[in-house]
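One is the number of the first residue; the rest follow in order along the sequence. Order of listing sets the numbers, starting from 1, for every ligand and every atom in it.
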Amino acid sequence: MKQITRDLISTLYKPTKEDAHKGTKGHALLVGGSYGKMGSILLSSKAALRTGCGLVTAFVPECGVSILQTAFPEAMAIADDNQKAISSITFDFEPSAIGIGPGMGTEETTEEAFGEFLKSVKGPLVIDADALNILSGKREWLKRVPSTTILTPHPKEFDRLTKTHDTIEARQKSAVAFASEHKVIVVLKGAPTIITNGTETFENTTGNAALATAGSGDVLTGIITSLLAQGYQPLEAAQLGVYLHGLTADIAVSHTGTESFIASDIIGLLGKAFLRIKEYTGKPIGFRN
Ligand SMILES: NC(=O)C1=CN([C@@H]2O[C@H](COP(=O)(O)OP(=O)(O)OC[C@H]3O[C@@H](n4cnc5c(N)ncnc54)[C@H](O)[C@@H]3O)[C@@H](O)[C@H]2O)[C@@H](O)CC1
Ligand SMILES: Nc1ncnc2c1ncn2[C@@H]1O[C@H](COP(=O)(O)OP(=O)(O)O)[C@@H](O)[C@H]1O
Ligand SMILES: [Mg+2]
């Protein structure tokens, strides 16, 4: 297994172009949320914008619109017809990338909506959380998942999708086989997280137990979706996203410790994490780089 080193990340990282504007930096669409779990998609959406895409739209149940627009005015919101859970995923623009699943729930109407969504979605796409849980009950829908889609299961989600694994090694081996069979990229989250496309497998080298906190995976979904929206190739987006996510916790741990770190802190430290990566590239930090 290869390691995701700072050298690898320095070669992947693309600085913002000087003549960039919000229309050239990609438009991420985040789909998810349900009554009582709107925080998850809010975290994903905020993380996406903080990772550098130009525009973010959140597709949420009706009850989530005012929550989103109040807590995060920079994002646009599209309301589902249903009050509490997503029932039909329709939008009238072409997103540069889509992330789906955080807080979405697995109600029947949401399951149907996700099944329909998969019939027409082209990608780039990130599938997380409840979208993965729905797929676990509808494995035949895996055929509809576009190739190079990024799946971001934690161990329990991966086991639901496949089978119970007794060891981390067995699960990792299974993730490689799964990625190869379904032509997807699996980000198997954990300590450490591994990324595989079925041919090559990489182990992340950043992150610590501060990340063991509610919503940290929702944030990762936003980060990776944003990188995809900005034009990173799926494997690169997964590698850079997981590295950045972990780096925020490594930066934080000396002054917050592991206990008080929360998912919003990951978002707040993304800027510092990007600056750290810029340092690795050896190029001056500033406007003209
Ligand atoms: N503020 C919010 O709105 C939040 C919403 N969330 C959403 O809640 C829904 C349920 O997700 P959950 O992941 O909480 O529930 P799940 O039932 O899918 O998984 C939680 C369980 O998975 C196991 N697990 C997780 N990471 C593991 C690891 N590294 N090693 C071994 N076992 C591990 C643990 O047993 C844990 O209790 C998702 O839609 C998620 O996006 C959560 O992200 C929490 C925050
Ligand atoms: N002890 C740990 N060390 C490193 N990373 C961790 C640790 N615990 C959790 N993480 C990371 O935190 C994230 C948790 O994701 P997830 O379980 O989906 O959270 P949520 O669904 O609450 O958002 C993953 O990226 C995982 O790798
Ligand atoms: Mg999660």
Any donor-acceptor N/O pair, Thr196 side chain to Ala175 backbone, under 3.5 Å: no
Donor-acceptor under 3.5 Å (Asp250 side chain, Gly207 main chain):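 Side chain of Asp250 to backbone of Gly207: a pair is present.
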Test item: side-chain donor near acceptor, Asp218 and Ser44, under 3.5 Å: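 Ser44 and Asp218 do not have a side-chain donor-acceptor pair below 3.5 Å.
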Could you pull out every N or O of ligand 1 that sits under 3.5 Å from a protein N or O, with the distance for each pair?
| residue | atom | partner | partner atom | Å |
| --- | --- | --- | --- | --- |
| ligand 1 | 3 (O) | Ser40 | N | 3.1 |
| ligand 1 | 13 (O) | His154 | NE2 | 2.9 |
| ligand 1 | 17 (O) | Arg160 | NH2 | 2.9 |
| ligand 1 | 18 (O) | His154 | NE2 | 3.4 |
| ligand 1 | 18 (O) | Arg160 | NH1 | 2.8 |
| ligand 1 | 18 (O) | Arg160 | NH2 | 3.4 |
| ligand 1 | 19 (O) | His154 | NE2 | 3.1 |
| ligand 1 | 39 (O) | Gly103 | N | 2.8 |
| ligand 1 | 39 (O) | Asp130 | OD2 | 2.6 |
| ligand 1 | 41 (O) | Gly103 | N | 3.0 |
| ligand 1 | 41 (O) | Asp218 | OD1 | 3.0 |
| ligand 1 | 43 (O) | Asp218 | OD1 | 3.3 |
| ligand 1 | 43 (O) | Asp218 | OD2 | 2.7 |

All side chain to side chain donor-acceptor pair (under 3.5 Å) counterparts of Arg139, not counting sequence neighbours: none
Basic-acidic side-chain contact under 4.0 Å: Lys14, Glu236: yes
Separation between OG of Ser45 and CD of Glu74, rounded to the nearest 0.5 Å: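 So the OG of Ser45 and the CD of Glu74 are separated by 11.5 Å.
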Quick one: ligand 2 N/O to protein N/O pairs below 3.5 Å?
| residue | atom | partner | partner atom | Å |
| --- | --- | --- | --- | --- |
| ligand 2 | 3 (N) | Asn208 | O | 3.3 |
| ligand 2 | 12 (O) | Leu211 | O | 3.3 |
| ligand 2 | 12 (O) | Ser216 | OG | 3.0 |
| ligand 2 | 15 (O) | Gly217 | N | 3.3 |
| ligand 2 | 18 (O) | Lys189 | NZ | 2.7 |
| ligand 2 | 19 (O) | Gly217 | N | 3.2 |
| ligand 2 | 22 (O) | Gly215 | N | 2.9 |
| ligand 2 | 23 (O) | Gly215 | N | 3.3 |
| ligand 2 | 23 (O) | Ser216 | N | 3.3 |
| ligand 2 | 23 (O) | Gly217 | N | 2.7 |
| ligand 2 | 23 (O) | Asp218 | N | 2.9 |
| ligand 2 | 23 (O) | Asp218 | OD1 | 3.4 |
| ligand 2 | 27 (O) | Gly190 | N | 3.1 |
| ligand 2 | 27 (O) | Gly190 | O | 3.0 |
| ligand 2 | 27 (O) | Thr193 | OG1 | 3.1 |

Sequence neighbours excluded - salt bridge (Lys or Arg N to Asp or Glu O under 4.0 Å) pairs with any residue from residues 41-51: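 For residues 41-51: none.
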Leu244-Val242 co-clustered via ILVMFWY side chain contacts under 4.5 Å: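 Yes.
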Parallel, tilted or perpendicular, as decided by the 30° and 60° cut-offs, for the rings of Phe178 and His182: tilted
